[in-house]
Amino acid sequence: MRQPRFGLAARPLVGALMCTLTLAVGCEPAEKLDAAKGEQFTDLGEKQSEVVYGTDNRQDVYAHTNATLRLRAQQATVALMNPSDFNATNPNNVTFPGSTLGASYNLCSTERFRDDPTGAFCSGTLIDDDLVLTAGHCVTSASACTNTRFVFNYYRPAAGTLQPVTTADIYSCTSIVARQQATVNGRNLDYAVLRLDRPATPRFTPAPVRAANTALTVGQNVAVIGSGSGIPFKIDSGGTVRDTRSSTLDYFIATTDTFGGNSGSGVYETSDYTVAGILVRGETDYVTSGSCRVVNVCSETGCRGEDITYVYPAIAAFCTATNNGSTRLCAGLPPPPPPPPPPANSYAYTATNTNSAQQNTVNKTLTFAAGDIVEVGTCGLEGATVDGDSFLRFNNATAEVASNDDSCGGRGSYIKYTVPAAGSFTIRGGCYNTGSCGGTVVWKVTPGTPGGGSTSGSFAFSGSNTNSAQQNTTNHNVTLAAGQVIKLGTCTVTGASGTGDTYLRLYGVGTSGPQVAANDDSSNCGTLSYLTYTVPAGAGGTYQIRAGCYSGNSCSGTVAYTIQ
């Protein structure tokens, strides 16, 4: 299951089949579930999907031998869908107009459950009268919440049939009560507690949650219930815990047989059947076998395992956000510790539609001395936090001197810059593309020797028909002082990369100044580019890097640079 980079992307289905089961399966286009499988949070970084470990232990609800787990599936498990994923024209017989599993993923005829419908993009668990627990990457914003429906009774009560679903079994999302999808203070968390439009009780029964803020045990048996690959609920009770991450208690790793669509599934301790975690990340789902695809199978001790967020941080966050607003969930928890105060060298921000921090940004202006080494980030510095995909830009009085999108192994931002000349600089806090985000921007200053030290940066580009980087280029400004040396490239410099035949040019002083250096194919780099330039006396100022491709070709990559 990949963790997606963004929220609920469009989920078209490929293929067309008709199914004459109780729930009709219609004809639509495929690849529906990839958006919820995490890139990324893909994401998931991010970005694997679930897998089968050893024997495939998934069972339909009717076929599982454990009565308590069957009850959890029937009473407390929900499938997350969009309104377009079902047809409620007949309120007493809701149908699901989507492809079958086999058609959606081009599965071989040997694969299990290939005739199941694929209606869900994530899974969840009812934990209170009107509260559902799921993964943070499944519902990323208020608009995504508005477009999400929670469907109960999405399971098979017998072979070849589906449990009837009515509109009384379908609930809307009215708000995100608590959510996290980030690494905060060293803990990688991915959860959401969502409020329904009306109580689901007494029609359905909430699952009990694990109250202890303690690690599970290596080798402990766990079970997961959800809609892997979007199909009706399956129960897998054959998983065991591999790694408890007892030092952080953010997530544990287990060998559950789970797939994209299982994101948000409740993971239960089988000793007392309480929800111990939330399925969030894992290995690749399906692999190619000839002209079709089969389930990816790892040994019980092989592959990376499946990541499961501990339930305690989600419940504690909910209780804090609602001032212990649920007797069922909050009564047994110790009072949450107060959050640490933000550092003095920081500012908090929330933003939306910033066009990658080029508009609607939240800014902070500071003054630095020549030689100061300045670090700025929503990650990588003590006290820095990020919620969503942040984008930071760093400007002097006249131009941008550095920027960063994804850093620290996630979607936070981090910049390190050496000040060439004393002056005022502005941090601009925004979000990637047009999305929404927030966080705490922290800055750190290490006094240095004027003209000494070094700084680095990078920017991504993709180009076509640039006439050897003379048109349609991706440009990036840097500030250089006399005597400084800039080294830049799509190769050689740490963090640099490229695909195709890249071409780099450097212009200055001023963004309309003359070309001072250029490179096409660098030695030992093939068709990638690398150049160095020493700033002459009296020639300090703003320079512009222009990234493009040889002749009229297409190329892409990351231009990395260091300034010393």
Side-chain angles (χ1 to χ4, degrees), residues 8 10-30 32-33 36 60-63 70-104 113-126 129-130 132 134 138-139 143-174 194-205 225-234 261 264:
L8 304 181
R11 292 181 297 276
L13 294 174
V14 172
L17 283 178
M18 289 298 294
C19 179
T20 56
L21 300 174
T22 304
L23 297 179
V25 177
C27 305
E28 259 189 6
K32 166 177 186 176
L33 299 172
D60 273 303
V61 174
Y62 76 87
R70 291 200 306 271
L71 189 65
R72 295 284 188 269
Q74 295 163 343
Q75 288 289 301
T77 305
V78 296
L80 274 62
M81 301 185 187
N82 281 334
S84 59
D85 294 328
F86 57 84
N87 184 342
T89 303
N90 181 350
N92 295 314
N93 182 27
V94 176
T95 58
F96 298 86
S99 294
T100 62
L101 180 65
S104 292
F113 311 122
R114 62 192 311 273
D115 292 329
D116 276 4
T118 55
F121 64 81
C122 275
S123 306
T125 306
L126 183 70
D129 297 335
D130 62 349
V132 162
T134 187
C138 288
V139 179
S143 61
C145 168
T146 299
N147 203 42
T148 296
R149 300 294 181 267
F150 305 101
V151 181
F152 289 85
N153 286 336
Y154 187 56
Y155 66 89
R156 291 193 182 277
T161 65
L162 288 165
Q163 178 73 10
V165 175
T166 72
T167 53
D169 304 323
I170 300 176
Y171 296 74
S172 297
C173 177
T174 62
L194 310 175
R195 194 173 299 279
L196 309 184
D197 60 333
R198 63 193 189 279
T201 56
R203 185 177 180 86
F204 299 101
T205 304
I225 306 174
S227 293
S229 293
I231 62 179
F233 305 148
K234 300 294 182 279

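Not measured: the values here are computed from a predicted model. Quick note: numbers below take in every heavy atom, side chains included, and nothing from hydrogens, waters or symmetry partners.
- Between the side chain of Thr134 and the backbone N or O of Ser123 there is at least one donor-acceptor pair closer than 3.5 Å.
- Between Pro164 and Asp169 the shortest heavy-atom distance is O-OD2, 3.9 Å.
- Two residues are said to be in side-chain contact when any heavy atoms from C-beta on lie closer than 4.5 Å; Met81 and Ile170 fail this criterion.
- Residues Ile231 and Phe113 approach most closely at CD1-CB, 3.8 Å, considering heavy atoms.
- Using a 3.5 Å distance cut-off with no hydrogens or angles, the side chains of Asp129 and Thr201 do pair a donor with an acceptor.
- Of all heavy-atom pairs between Ala73 and Val61, the closest is CB-CG2, 3.7 Å.
- Side-chain contact check for Gln74 versus Thr205: every heavy-atom pair is 4.5 Å or farther apart.
- Partners of Asp130 under the side-chain contact (heavy atoms from CB on, under 4.5 Å) rule, at least two apart in sequence or in another chain, are Arg195, Leu196.
- Listed for the Arg149 side chain is no donor-acceptor partner under 3.5 Å among the backbone atoms of Ser172.
- Checked options Thr77, Asp85, Val165, Val78; the residue passing with Val151 is Val165 (criterion: side chain to side chain contact (heavy atoms under 4.5 Å, CB included)).
- Taking the six-membered ring where the residue is Trp, Tyr154 and Phe96 present tilted rings, their angle falling between 30° and 60°.
- Checked by atom type and distance alone, the side chain of Thr166 pairs as donor or acceptor with a backbone atom of Ala168 at under 3.5 Å.
- Between Phe152 and Phe204, the ring planes are parallel. Angles under 30° get that label, and only those over 60° would be called perpendicular.
- Atom CG in Asn153 sits 7.0 Å away from atom CZ in Arg203 (nearest 0.5 Å).
- Contact annotation: the side chain of Phe86 never approaches that of Thr95 to less than 4.5 Å [non-hydrogen atoms, C-beta and beyond].
- A heavy-atom distance below 4.5 Å is found between the side chains of Thr148 and Phe121.
- Between atom CG of residue Asp116 and atom OG of residue Ser104 there is a gap of 11.0 Å, rounded to the nearest 0.5 Å.
- One distance of note links OG1 of Thr125 with CZ of Phe150; it measures 11.0 Å at 0.5 Å rounding.
- No side-chain heavy atom of Cys145 sits under 4.5 Å from any side-chain heavy atom of Thr174.
- Under the 3.5 Å distance criterion, the side-chain polar atoms of Thr118 are matched with a main-chain donor or acceptor of Ser99.
- Among all heavy-atom pairs drawn from Thr167 and Ala88, the shortest one is CG2-CB, 3.8 Å.
- Considering all non-hydrogen atoms of both residues, Cys173 and Leu194 come closest at SG-CB, 4.1 Å.
- Contact detail for Asp60 and Lys234: the closest heavy-atom pair is OD1-NZ, 2.9 Å.
- Taken to the nearest 0.5 Å, the CZ atom of Arg70 stands 10.5 Å off from the OH atom of Tyr155.
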